[in-house]
Asks: 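One structure follows; several queries about it will come next.
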Amino acid sequence: MQSLWMLAASFFFSLMGVSIKLASAHHNLAEIVLARGIPSVLFLAGFALYRGLDLWGRHLRVHAVRNVSGVTSMWMGFYSMLHLPLGLATTLNYTSPLFLAGFVLYSGYFVGIFREQWLRFGAVILSFVGVLLIFNPFSETQLNHFAILVGLACGALAAVAYMTVRSLGQLGEPEWRTVMLFSMSITITGLIGIAVLGFSANSSWQSWLALLGIGIFGMFAQLCMTRAFGSGHPMLTATLQYSTIIFATFWGEWFWSERISLSGFLGMTLIVIAGLTATLYSLKHKQ
């Protein structure tokens, strides 16, 4: 039953996406990123100081690699959410298992195990077809192709971050420190972004409430996700994480009447199927 925490995480992640799109009407991307990082830093750093825990640990170099890839991926993911339908952007952000599968296939080719990876190979091909359907230039729904590419890049960098997070876990790093240092990096890049872009002048109390929602919902989502992957069944948890796409698509239709073309919907479906296949295969074979 612990895996059901992933449903709560998916719900909160989708609400974070809604808050991002609402805040984007009055705030720039740097302010949105900063809002994502501050609540987690305050909560987790406060928790660590109260308990007398070591804030930094002994693996800052590994954290640095994780944070560079993860924070860059997050900026790209937020950008795609601002310029694409919420459900579609969320789907692209969840392509990291496919890039991991591609990396394993590339590595396996040179050590003679490529033929054993046919299921992964099929998942990668299926996702490629899905991306082509989303890019469909003949669709009546015209999408920002650059934002689609950014969303895919988000998935690729998220795959790098995922591998580094697994390395941190193997090194014995606690989840709270990994999340806290990641949130610190988010906050620092947000401040740098604001130094460049400045503060938005047309904010309102509603837009500030949306910014608060980004931080609160993002923090709750990350905590629920950590609980699910830490205590739940890994295959069920990995499957349930894709419910974020369902929630996000629903919110996009509810709030903004976002229409996704038939080809786009089919592409999203293929990417989800391929991502689930690659994820479950990896968990089953511990790769």
Asks: List the atom pairs, with distances to 0.1 Å, where a side-chain N or O of residues 78-92 and a protein N or O form a donor-acceptor pair under 3.5 Å, not counting sequence neighbours.
Replies:
from : atom 1 : to  : atom 2 : distance (Å)
S80  : OG     : G77 : O      : 2.7
T90  : OG1    : L86 : O      : 2.8
T91  : OG1    : G87 : O      : 2.8

Asks: Nearest 0.5 Å, please: how far is SG in C224 from CG in L4?
Replies: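 Reported to 0.5 Å precision, the distance equals 11.5 Å.
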Asks: Find the distance between CE (M219) and CZ (F43) and round it off to the nearest 0.5 Å.
Replies: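 Going from the CE atom of M219 to the CZ atom of F43 covers 5.5 Å.
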Asks: Determine whether L211 and S19 make a side-chain contact, defined as any pair of heavy atoms from C-beta on separated by less than 4.5 Å.
Replies: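 A side-chain contact under 4.5 Å is absent here.
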Asks: I'd like to know if the side chain of S261 reaches the main chain of G264, judged simply by a donor and an acceptor atom lying under 3.5 Å from each other, with no hydrogens or angles considered.
Replies: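 Looks like yes, one N/O pair under 3.5 Å.
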Asks: Decide if atom CH2 of W254 counts as having more than 12 heavy atoms of other residues, nucleotides or ligands within a radius under 6.0 Å.
Replies: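 No, the 6.0 Å shell around CH2 holds no more than 12 heavy atoms from other groups.
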Asks: Please report the C-alpha distance between L22 and W256 in whole Å, then the side-chain angles of each, then the deciding distance to 0.1 Å, and finally whether the side chain to side chain contact (heavy atoms under 4.5 Å, CB included) criterion is met.
Replies: CA-CA 10 Å; L22 290 174; W256 298 281; 3.8 Å; yes
Asks: For the pair W251 and F255, name the ring-plane relationship: parallel under 30°, tilted 30 to 60°, perpendicular over 60°.
Replies: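 Tilted.
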Asks: Quick check: do V179 and S183 have side-chain heavy atoms less than 4.5 Å from each other?
Replies: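 Contact flag for V179/S183 side chains = yes.
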Asks: Within the structure provided, determine whether I38 and I186 are in side-chain contact (heavy-atom separation under 4.5 Å).
Replies: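 With C-beta onward as the side chain, the pair stays apart.
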Asks: Heavy-atom distance under 4.5 Å between the side chains of F99 and L157, does that happen here?
Replies: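 Result no, sub-4.5 Å side-chain heavy-atom pair not found.
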Asks: I'd like to know if the side chain of S73 reaches the main chain of C154, judged simply by a donor and an acceptor atom lying under 3.5 Å from each other, with no hydrogens or angles considered.
Replies: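 Flag set: sc S73 to bb C154 pair under 3.5 Å.
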Asks: Hey, what do you get for CD1 (I192) to OG1 (T187), rounding to the nearest 0.5 Å?
Replies: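 OG1 of T187 is found 11.0 Å from CD1 of I192.
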Asks: V41, V68: one ILVMFWY side-chain cluster at the under-4.5 Å cut-off?
Replies: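 Different clusters: V41 never reaches V68 through Ile, Leu, Val, Met, Phe, Trp or Tyr contacts under 4.5 Å.
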Asks: Restricting to non-hydrogen atoms, name the atom on S185 and the atom on V71 that form the minimum distance, rounded to 0.1 Å.
Replies: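 Heavy atoms only, the tightest pair is CB-CG2, 3.7 Å.
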Asks: Does any non-hydrogen side-chain atom of T249 lie less than 4.5 Å from one of M268?
Replies: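 Yes, side chains in contact.
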Asks: Does any non-hydrogen side-chain atom of W5 lie less than 4.5 Å from one of M225?
Replies: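 The answer is no, as the side chains (C-beta and beyond) never meet within the 4.5 Å cut-off.
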Asks: When you measure from the side chain of S69 to the backbone of R66, do you find a donor-acceptor pair of N or O atoms at a distance under 3.5 Å?
Replies: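 Flag set: sc S69 to bb R66 pair under 3.5 Å.
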Asks: Report, as yes or no, whether the 6.0 Å neighbourhood of atom CZ on F220 holds more than 12 heavy atoms from other residues, nucleotides or ligands.
Replies: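 It does not: F220 CZ has 12 such atoms or fewer within range.
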Asks: Answer whether the closest heavy-atom distance between the side chains of Q222 and M16 falls below 4.5 Å.
Replies: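 Of all side-chain heavy-atom pairs linking M16 with Q222, none is under 4.5 Å.
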Asks: Assess whether side-chain hydrogen bond (donor to acceptor under 3.5 Å, both in side chains) is satisfied between H27 and S207, documenting all intermediate values.
Replies: CA-CA 8 Å; H27 297 276; S207 68; 2.9 Å; yes
Asks: I need the F265 CZ to I260 CD1 distance, nearest 0.5 Å.
Replies: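 So the CZ of F265 and the CD1 of I260 are separated by 8.0 Å.
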Asks: Is there a donor-acceptor pair under 3.5 Å between the side chain of R177 and the backbone N or O of E175?
Replies: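 Flag not set: sc R177 to bb E175 has no pair under 3.5 Å.
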Asks: Any side-chain heavy atom of F13 within less than 4.5 Å of one from F217?
Replies: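 Counting from C-beta outward, F13 and F217 never come under 4.5 Å.
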Asks: May I ask whether L60 and L168 are part of the same hydrophobic cluster, defined by side-chain heavy atoms of I, L, V, M, F, W, Y residues being less than 4.5 angstrom apart, directly or through others?
Replies: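 Result: no, two separate clusters.
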Asks: Just verifying a value: how many Å separate H145 NE2 and I134 CD1, rounded to the nearest 0.5 Å?
Replies: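 One gets 10.5 Å once the value is rounded to the nearest 0.5 Å.
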Asks: Working to the nearest 0.5 angstrom, can you tell me the gap between H59 NE2 and E173 CD?
Replies: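 If we round to the nearest 0.5 Å, H59:NE2 and E173:CD are 5.0 Å apart.
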Asks: State yes or no: do I216 and I214 share one hydrophobic cluster built from I, L, V, M, F, W and Y residues joined by side-chain heavy-atom distances below 4.5 Å, directly or via other members?
Replies: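 Yes; I214 is reachable from I216 via cluster members.
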Asks: Count I, L, V, M, F, W, Y as connected when their side-chain heavy atoms are under 4.5 Å apart, and connections chain through other members. Are I188 and L42 then in the same cluster?
Replies: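 Each belongs to a different hydrophobic cluster.
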Asks: Using the rule that two of Ile, Leu, Val, Met, Phe, Trp, Tyr join whenever any of their side-chain heavy atoms come within less than 4.5 Å, decide whether L149 and M76 are in one cluster.
Replies: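 Yes, L149 and M76 fall within the same hydrophobic cluster.
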Asks: Just wondering, are more than 12 heavy atoms of other shown residues or ligands nearer than 6.0 Å to CZ in F47?
Replies: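 Counting other residues, nucleotides and ligands, CZ of F47 exceeds 12 neighbours.
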Asks: Determine yes or no for a side-chain-to-main-chain donor-acceptor pair under 3.5 angstrom, with E31 supplying the side chain and N28 the backbone.
Replies: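 Judged by distance alone, yes, a pair lies under 3.5 Å.
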Asks: Using 30° and 60° as the class boundaries, would you call the ring planes of F11 and F247 parallel, tilted or perpendicular?
Replies: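 Geometry flag for F247 against F11: perpendicular rings.
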